[in-house]
Amino acid sequence: MDRTCDHKIMVIANGDKSPGRKDCAELEIVGELKKQTELSFNKLYLGYASLLLGVILKLVPSREVAEDILQETFIKIWKSIDQYDADKGRLFTWMSCLARNTAKDYLKGKNFAKSIKNDDIDSVYTQVNNSHYCRYNTDIIGIRELIAVLSDSQKQILNLIYFQGYTQVEVSDELHIPLGTVKSKIRIAVKVLRCYFE
């Protein structure tokens, strides 16, 4: 059964035009599946998985979910192969009907409804962050003019930290001065500026 069955599955999956050959191959595959052999199931999966995934992806946009539904579909095929009736239609037609119904059941289910209601946390964070983030135009509110009262070293440090986005450690490295000195100059500068707001 190995090589001939492989060929028969590929003939069916790829759509051989000769109906007699196709019917015979389908019946043989169904017969092997009804014996519940793992080999027959593996070969069926290899022959039809990509086709059935295509059917599912037409209904379910997420590839990850579609692959889960595909697995569930093959389990249903495995469990209900005895219900397949060759007189009522082709094997692929029956399996694609199972795949569509499994996808539709998922779309009607609670998990799908919850996934639609639940937004991705990253996008929610970005929306909240953007809506509550205020940008201050330091030129308009006069901060640049206000720091003119500070010493040159204080201005340089405040410029690096507040206008260029440096950290205190980066300022210490950039200006080659101890971190404690950076912190104390910031503290003194803030005290001087505070006088203008009281």
Side-chain angles (χ1 to χ4, degrees), residues 1-137 164-165 167:
M1 139 102 192
D2 10 351
R3 285 191 180 185
T4 56
C5 189
D6 276 346
H7 173 71
K8 288 172 186 170
I9 288 174
M10 293 312 292
V11 163
I12 293 169
N14 294 328
D16 185 12
K17 305 294 183 210
S18 51
R21 217 169 129 193
K22 197 172 196 176
D23 292 341
C24 178
E26 275 188 6
L27 290 174
E28 191 171 326
I29 291 168
V30 171
E32 289 296 321
L33 285 170
K34 287 183 178 182
K35 292 177 188 173
Q36 299 283 300
T37 64
E38 188 178 333
L39 183 63
S40 64
F41 182 77
N42 290 341
K43 290 181 178 182
L44 183 77
Y45 188 88
L46 287 173
Y48 288 99
S50 61
L51 296 170
L52 292 176
L53 184 61
V55 170
I56 295 165
L57 281 170
K58 288 180 181 174
L59 297 170
V60 179
S62 165
R63 186 171 181 91
E64 185 179 339
V65 171
E67 287 174 356
D68 289 344
I69 293 170
L70 178 67
Q71 298 302 320
E72 195 176 328
T73 299
F74 271 100
I75 291 169
K76 286 181 179 179
I77 292 168
W78 179 256
K79 289 181 178 178
S80 61
I81 190 66
D82 288 328
Q83 296 173 9
Y84 168 69
D85 185 356
D87 295 333
K88 293 182 179 178
R90 300 252 177 239
L91 179 63
F92 178 72
T93 306
W94 179 74
M95 291 190 302
S96 62
C97 185
L98 274 177
R100 271 193 302 277
N101 289 342
T102 305
K104 287 176 183 175
D105 289 346
Y106 171 80
L107 294 173
K108 291 178 195 171
K110 291 179 184 175
N111 289 339
F112 179 70
K114 285 180 186 175
S115 72
I116 288 176
K117 288 179 184 175
N118 295 335
D119 289 331
D120 180 29
I121 190 71
D122 292 332
S123 66
V124 171
Y125 172 77
T126 304
Q127 288 173 354
V128 169
N129 197 28
N130 288 342
S131 65
H132 291 90
Y133 179 71
C134 295
R135 290 183 187 220
Y136 296 106
N137 186 340
Q164 295 184 30
T167 65

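- Under the 3.5 Å distance criterion, the side-chain polar atoms of E67 are left unmatched by any main-chain donor or acceptor of S62.
- Between K35 atom NZ and I81 atom CD1 the span is 13.5 Å, to the nearest 0.5 Å.
- Nearest heavy-atom pair across I56 and A103 is CG2-CB, 4.3 Å.
- Shortest non-hydrogen contact noted between L57 and A66 is CD2-CB, 3.5 Å.
- Other residues, nucleotides and ligands contribute over 12 non-hydrogen atoms within 6.0 Å of the NZ atom of K34.
- To the nearest 0.5 angstrom, R100 atom CZ is 11.0 Å from T73 atom OG1.
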Show the numbers, then the answer: is there a side chain to side chain contact (heavy atoms under 4.5 Å, CB included) between I77 and W94?
CA-CA 9 Å; I77 292 168; W94 179 74; 4.1 Å; yes

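- Of all heavy-atom pairs spanning Y45 and Q71, the tightest one is OH-NE2, 2.9 Å.
- We find the CD1-CG distance between I69 and L52 to be 12.0 Å, quoted to the nearest 0.5 Å.
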Could you go through the side chain to side chain contact (heavy atoms under 4.5 Å, CB included) check for K88 and T93 one step at a time?
CA-CA 10 Å; K88 293 182 179 178; T93 306; over 6 Å; no

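- Residue F74 holds its CZ atom at 6.0 Å from CZ of F41, rounded to the nearest 0.5 Å.
- At least one donor-acceptor pair closer than 3.5 Å links the side chain of Y84 to the backbone N or O of L91.
- Formation of a donor-acceptor pair under 3.5 Å by the S80 side chain with backbone atoms of K76 is found in this model.
- Expressed to the nearest 0.5 Å, how far CG of L51 lies from CE of M95 amounts to 8.5 Å.
- Rounded to the nearest 0.5 Å, atoms CD (E72) and CD1 (I75) are 7.0 Å apart.
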